[in-house]
Amino acid sequence: MEQASEIADMVRRYIGNHPELTIPVEVIDKSVRRDGDFWYVSIRPGGEVRPRPYVYYDVLAEVEGEIEENEHLNIMLVPSG
């Protein structure tokens, strides 16, 4: 069974596989929690998501899908201000 720290590390690794994301993304370790079949992970951009914020949100959606497909885990990335 996965632990919260393993989930956070996995999310970091998958986000790191997306060079089109030009800003750092912080995974907030203390926020990782499981509710039923889903893991919820709060993330925070390390800079402005401009001029193309859609790239940021597209990558987050791709990461969720990649983890589901490759790791068979349901992850919800929750943007945090």
Side-chain angles (χ1 to χ4, degrees):
M1 177 168 215
E2 290 79 16
Q3 299 297 319
S5 62
E6 294 173 317
I7 296 296
D9 290 341
M10 180 187 310
V11 169
R12 283 187 193 92
R13 188 172 63 251
Y14 274 85
I15 287 173
N17 290 335
H18 286 271
E20 69 275 23
L21 192 60
T22 58
I23 60 169
V25 175
E26 176 187 0
V27 175
I28 305 168
D29 292 65
K30 291 187 272 184
S31 75
V32 178
R33 65 181 176 83
R34 186 173 189 172
D35 186 3
D37 291 339
F38 281 85
W39 284 95
Y40 293 87
V41 181
S42 293
I43 56 167
R44 180 180 311 138
E48 291 254 354
V49 291
R50 298 181 190 262
R52 301 177 322 191
Y54 63 88
V55 171
Y56 175 72
Y57 293 106
D58 284 350
V59 167
L60 299 185
E62 287 178 29
V63 166
E64 290 173 346
E66 290 168 357
I67 292 174
E68 181 178 2
E69 183 176 321
N70 298 328
E71 310 293 339
H72 308 290
L73 294 170
N74 296 313
I75 302 285
M76 294 294 295
L77 299 179
V78 182
S80 175

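These numbers come from a predicted model, not from an experiment.
Distance CD/Glu26 to OG/Ser31: 9.0 Å, rounded to 0.5 Å. Interatomic distance, CG of Leu77 versus OH of Tyr57, reported as 12.0 Å (0.5 Å rounding). Summarising the geometry, atom CD belonging to Glu71 is positioned 8.0 Å from atom CD belonging to Glu2; distances are rounded to the nearest 0.5 Å.
The neighbour count for Asn70 CG, taken as heavy atoms of other residues, nucleotides or ligands under 6.0 Å away, is above 12.
Between Ile75 and Phe38 there is no side-chain heavy-atom pair separated by less than 4.5 Å. Here the side chains of Ile67 and Met10 are in contact, with some heavy-atom distance below 4.5 Å. The closest side-chain heavy-atom distance from Leu73 to Glu68 is not below 4.5 Å. A 4.5 Å side-chain heavy-atom check between Trp39 and Val11 finds every atom pair outside the cut-off. Looking at Val41 and Met76, their side chains never come closer than 4.5 Å, going by heavy atoms from C-beta outward.
The residue from Val27, Val78, Ile28 that alone fulfils the side-chain contact (heavy atoms from CB on, under 4.5 Å) condition with Ile43 is Val27.
Across all their heavy atoms, Ser80 and Pro45 have their closest contact at O-CD, 4.0 Å. Between His72 and Glu69, the shortest heavy-atom distance links the atoms CE1-O, 3.5 Å.
Residues passing the side chain to side chain contact (heavy atoms under 4.5 Å, CB included) test with Asp29, sequence neighbours excluded: Ala8, Arg12.
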In a table with atom names and distances, give each donor-acceptor pair under 3.5 Å that connects a side chain of residues 15-22 to protein atoms at least two apart or in another chain.
unit_1: Asn17; atom_1: ND2; unit_2: Arg13; atom_2: O; d: 3.4
unit_1: His18; atom_1: ND1; unit_2: Glu20; atom_2: OE2; d: 2.9
unit_1: His18; atom_1: NE2; unit_2: Glu66; atom_2: OE1; d: 3.1
unit_1: His18; atom_1: NE2; unit_2: Glu66; atom_2: OE2; d: 3.2

*Take Val32 and Tyr40 through the test side-chain contact (heavy atoms from CB on, under 4.5 Å) and record every step on the way to the result.*
CA-CA 6 Å; Val32 178; Tyr40 293 87; over 6 Å; no

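For the residue pair Tyr14 / Glu64, no side-chain donor-acceptor distance below 3.5 Å is found, with atom types taken as modelled.
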